[in-house]
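Accompanying notes for the structure given below.
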Amino acid sequence: MTRLQQFQKIAIAEGFSWIGLIITMVLKYQFEMIWPNKIVGWIHGVLFIAFCVYLAIFFFTKQFSFVKSLVLFIAAFVPFGTFWAEKKYLRS
């Protein structure tokens with residue numbers, strides 16, 4: 001598996017972790033179930049960091065331009081933005 005394929009999988013997983021985070025936020029604040037949010041929050045955090053590390057690797061090895069890297073970085077902060085970014089920028 002190439003580094004780009006790994007980055008694609010991380011982008012998709014990070015997008016799904018947003019979905020999980022939203023669901024567990026409802027559980028946390030509506031039903032006072034704290035633990036699901038803590039677990040999914042950690043998973044989401046690790047995936048976000050992995051996304052940023054891969055993005056940095058591609059940027060610093062000059063495989064991605066500054067603009068493309070900036071768009072991908074901003075997409076990581078938008079719910080479901082990594083789904084869009086993977087489809088638009090990471091597919092071969």
Go through the structure and list residues passing side-chain contact (heavy atoms from CB on, under 4.5 Å) with A50, not counting sequence neighbours. I10
List for me each residue that meets side-chain hydrogen bond (donor to acceptor under 3.5 Å, both in side chains) alongside Q6, sequence neighbours excluded, and say none if there are none. Y54
Grab the two heavy atoms, one from A76 and one from E14, that are nearest each other, plus how far apart they are. O-OE2, 3.8 Å
Same apolar cluster: L90 and W84, side chain cutoff 4.5 Å: yes
Determine whether the aromatic ring centres of F77 and F48 lie less than 6.0 Å apart. yes
Residue set satisfying side-chain contact (heavy atoms from CB on, under 4.5 Å) with F60, at least two apart, ordered chain then number -> A56
Contacts of K28 that satisfy side-chain contact (heavy atoms from CB on, under 4.5 Å) - sequence neighbours left out: N37
Hits for ring pair (Phe, Tyr, Trp, His ring centres under 6.0 Å) against F66, two or more places apart or cross-chain, chain-then-number order -> none
Partners passing ring pair (Phe, Tyr, Trp, His ring centres under 6.0 Å) against F80 (at least two apart in sequence or in another chain): none
Take Q30 and M25, measure what side chain to side chain contact (heavy atoms under 4.5 Å, CB included) needs, and give me the verdict at the end. CA-CA 8 Å; Q30 293 293 320; M25 291 293 279; over 6 Å; no
Under a 4.5 Å side-chain heavy-atom rule over Ile, Leu, Val, Met, Phe, Trp and Tyr, are L21 and F16 clustered together? no
Taking every heavy atom of A85 against every heavy atom of L72, the minimum-distance pair comes out as CB-CD2, 3.4 Å
Quick check for you: to the nearest 0.5 Å, what is the distance between T24 atom OG1 and M33 atom CE? 10.0 Å
Between CD1 on residue I19 and NE2 on residue H44, distance to nearest 0.5 Å: 11.5 Å
Members sharing I43's hydrophobic cluster, built from side-chain contacts under 4.5 Å between Ile, Leu, Val, Met, Phe, Trp and Tyr, are I39, L47
In terms of heavy-atom contacts, C52 and F73 come closest through SG-CE1, 3.8 Å
Measure from the ring center of W18 to the ring center of F83 and say whether it is less than 6.0 Å. no
Check for me, please, whether L27 and W42 land in the same ILVMFWY cluster - side-chain distances under 4.5 Å, paths through other members count. no
Suppose we screen for ring pair (Phe, Tyr, Trp, His ring centres under 6.0 Å). Which residues come up paired with F58, at least two apart in sequence or across chains? F7, F64
Residue set satisfying ring pair (Phe, Tyr, Trp, His ring centres under 6.0 Å) with Y29, at least two apart, ordered chain then number -> none
Can you name the side-chain contact (heavy atoms from CB on, under 4.5 Å) partners of V53, sequence neighbours left out? I49, I57
Are V40 and V26 connected in the hydrophobic side-chain network, where two residues link if heavy atoms are under 4.5 Å apart? no
Enumerate the residue pairs fulfilling salt bridge (Lys or Arg N to Asp or Glu O under 4.0 Å) with a member in residues 64-88, sequence neighbours excluded, ordered by first and then second residue. E86-R91
Can you tell me if F59 has over 12 outside heavy atoms packed within less than 6.0 Å of its CZ? yes
